[in-house]
Number of protein chains: 2
Amino acid sequence: MDPSSASLRPREPRRGRRTAVTLSDVAAAAGVSPITVSRALNTPETVSEVLRGRINATVEALGYVPNRMAGALASAKTRVIPVIVPSLSNVVFVEVIEGIQETIEAAGYQMLLGSTDYDLDREAALASTLLGWAPPGVLLAGLRHLPRTATLLKNADVPVVEFMEYGARCIDMNVGLSHVRAGAVMAAHLLERGYRRIGFVGTRMRDDYRARQRYEGMRRHIAEVGGASDILFEYPWGPGQEVGWHALADVLAADPQVDALFFANDEMAVGAVLRAQRDGIAVPGRVAVAGFNGLPMSALVTPALTTITSPRKEIGKQAATMLLSRINGTPPVQRRIDVGFVLEARSST
Amino acid sequence: MDPSSASLRPREPRRGRRTAVTLSDVAAAAGVSPITVSRALNTPETVSEVLRGRINATVEALGYVPNRMAGALASAKTRVIPVIVPSLSNVVFVEVIEGIQETIEAAGYQMLLGSTDYDLDREAALASTLLGWAPPGVLLAGLRHLPRTATLLKNADVPVVEFMEYGARCIDMNVGLSHVRAGAVMAAHLLERGYRRIGFVGTRMRDDYRARQRYEGMRRHIAEVGGASDILFEYPWGPGQEVGWHALADVLAADPQVDALFFANDEMAVGAVLRAQRDGIAVPGRVAVAGFNGLPMSALVTPALTTITSPRKEIGKQAATMLLSRINGTPPVQRRIDVGFVLEARSST
DNA sequence: CTGAAAGCGCTTACAG
DNA sequence: CTGAAAGCGCTTACAG
């Protein structure tokens, strides 16, 4: 017996491997080389019309679906962009995401969505995993991250846009609005209308630092102007409307001096208005109510809700546009964009 | 001159390639073979404690991030599961997605989210692209797809769960509820309370066939029972509350006989209730209002809204669980699950 | 316009 | 417990 025969025995195909149609299968069936098939698919104009037709027909006939991983590995290019947000159950992030999705899909990219549930450790883990897909860029919410997340992203050497709030220090690029200023503007509005004991109602204030920034902005403004006081109410997390619904009654019982409430978002503020309606509490007579975000619903309750509108979809579009221009080698016009906000003074204050 | 010298010249590195830290770099730095590094990372128990420690330290020191594409290509395994939904701006899908995310992340998988905007052509394109990432399974909303989408998914030879509605024919596995029955149940409720001219208000009824199924269920039930009539109102798409807000007044003007309205979802129904409040239209005295989904908000308006609660997060969890069990080789207990629904009869009807 | 060779960064058997 | 060889399915230069 030839002792080398064992090593000449053909190997078993790797276990569990799916026998999908491959580029070479198409090439063989069409009577061309694999590379020509690759070109017919990726840069059709570089292949003669005859071959192109034959190849496309074969692709159809065999139901060939290119393996993106092989392609991405060989070309060192992916068209999948990770987007990291704290939460999907908050409409605000969903609208930003829609802006991102529209923009990057139009440019032929896809979105890989990750949600951190407001946990910075999860954010770090997500960033690490997602970078393993060698993305052309990264979009993530917020300017506050763990040091190792920032290091990871800087080392990755890809464009990064941090969106949602606008601030002085960012990893690479930034688009959003100043939540501190938003809080101050709302405080100014409430003071101007004569309210003197102003409460801020939020949930998860430890993690939701943007809400905390709005509170800070409000607090500082009130302190600077003088003649009025503020108070912070933190509520356990729950569906916005339910939180607002319960908070209204509890707050008025706990601190009867309160004459205005600035809620962390419109959902909560709407819940408060609905509760006031049911219990016959006069808004703004007994207590003024204000929200944040400018959701359509805020205009429909009675009384219509005073709120601050943030251009959420616009934030998403701008973030994606900045990222894409950097991916394509043309630096964006600005590295940091303040999209601003609008105070909608309505009848609830 | 040696004419062969040209071909001996070392090649340039491929253009654009990022010089990231690679598995071999770690191996060289740690003084072991690449495969040992791979094992230390993926199956730590198969590597001696000494080497494991040295390798982990080197990984840290070099900031190594494994290239998932190379890994996936070599092992023919990905841990990214595509999830295809019609829309992200509908809370309902977001809650299903949250259920999916929680479940698959706990099992070490990630979600690749695609939104079709209720367009079946986009769905087909998405399915094709996402299958190119050789996923271990696919989750998609709905039972209605283009023939080529179904073919694609069947040929891919991976487990597939269609979620949202429950029905007789599915590609592979199915979890959801019967929207036809939900419509019939609501019709029965409205008839029982004495309403005789029942309107259904929806948007995008051509694409949102689940809403259409609810209308069909309602219509047929009314026809079967007799003594009452139905009418369908279709409204241009927009934010739910705004649509309901406008619809209420328009419908009552267009068809004054209408004494009950079943809206395609709670947002619209809430909008209608808010409009009724503002304009002093008695609900349910002048017109009864019902919604669908059982959002928290439905219980907070005055009058509280009659609606049908669907277990959305549960649908996501079940869908993910079924998929995972098939991925792991253990067929799920059931291939089709009807999660049911609950009628919440409240004071708006 | 078309193709043969090399390589992307990993993992899988197989062998010690 | 550790390693040398082969291969996953593509694309990139280079050469005709």
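Convention: sequence-line order gives letters A, B, ...; per-chain numbering from 1.
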Exercise. Starting at the 5' end of DNA chain C, write a dot or bracket for each base, bracketing those in Watson-Crick or G-U wobble pairs whose two distances are under 3.5 Å and using | for partners on another strand.
Key: |||.||||||||.|||

Output yes when at least one side-chain N/O atom of [X] is less than 4.0 Å from OP1 or OP2 of [N], else no.
X	N	value
B:Y64	C:dC10	yes
A:S38	D:dT11	yes
B:N42	C:dT11	yes
A:T22	D:dG9	no
B:S33	D:dG3	yes
A:S48	C:dT2	yes
B:T46	D:dC1	no

Between [X] ([atom1]) and [N] ([atom2]), how many Å, whole number?
X	N	atom1	atom2	answer
B:L73	D:dC8	CG	P	9 Å
B:N67	D:dC10	CG	P	17 Å
A:R39	D:dC14	CZ	C1'	11 Å
B:M69	D:dG9	CE	C1'	13 Å
A:E49	C:dT2	CD	C1'	17 Å
A:K77	D:dC10	NZ	P	17 Å
A:W133	C:dC10	CH2	P	13 Å

Quiz item: Is there side-chain contact between B:Q110 and A:L130, with at least one heavy-atom pair below 4.5 Å?
Solution: yes

Self-check item: Residues forming a side chain to side chain donor-acceptor pair (under 3.5 Å) with B:T151, sequence neighbours excluded
Solution: none

Practice problem: Report the residues that fulfil side chain to side chain donor-acceptor pair (under 3.5 Å) with A:Y118, sequence neighbours left out, ordered by chain and then residue number. | Solution: none

Quiz item: What pairs of residues pass the salt bridge (Lys or Arg N to Asp or Glu O under 4.0 Å) test when at least one of them lies in residues 68-87 of chain B, not counting sequence neighbours?
Solution: none

Quiz item: Hey, does B:R68 reach any base, or is it just sugar-phosphate, or nothing, if we go heavy atoms under 4.0 Å?
Solution: nothing

Quiz item: Does any N or O in the side chain of A:E162 come within less than 3.5 Å of the main-chain N or O of A:I171, such that one atom is a donor and the other an acceptor?
Solution: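 Such a contact is found between A:E162 side chain and A:I171 backbone.
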
Quiz item: Counting side-chain heavy atoms from C-beta on, which of C:dG7, C:dG9, C:dT2 comes nearest to A:V47?
Solution: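 Looking only at heavy atoms from C-beta outward on A:V47, the closest nucleotide is C:dT2.
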
Exercise. Using the test side-chain contact (heavy atoms from CB on, under 4.5 Å), find all partners of A:I35 that sit at least two apart in sequence or belong to another chain.
Key: A:S33, A:R39

Exercise. Would you please name every residue forming a side-chain contact (heavy atoms from CB on, under 4.5 Å) with A:T103, sequence neighbours left out?
Key: A:K317, A:A320, A:T321, A:L324

Quiz item: In terms of the nearest nucleotide of DNA chain D, which residue is placed more toward the 5' end: A:I35 or A:L23?
Solution: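 Its nearest nucleotide lies further toward 5', so the answer is A:L23.
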
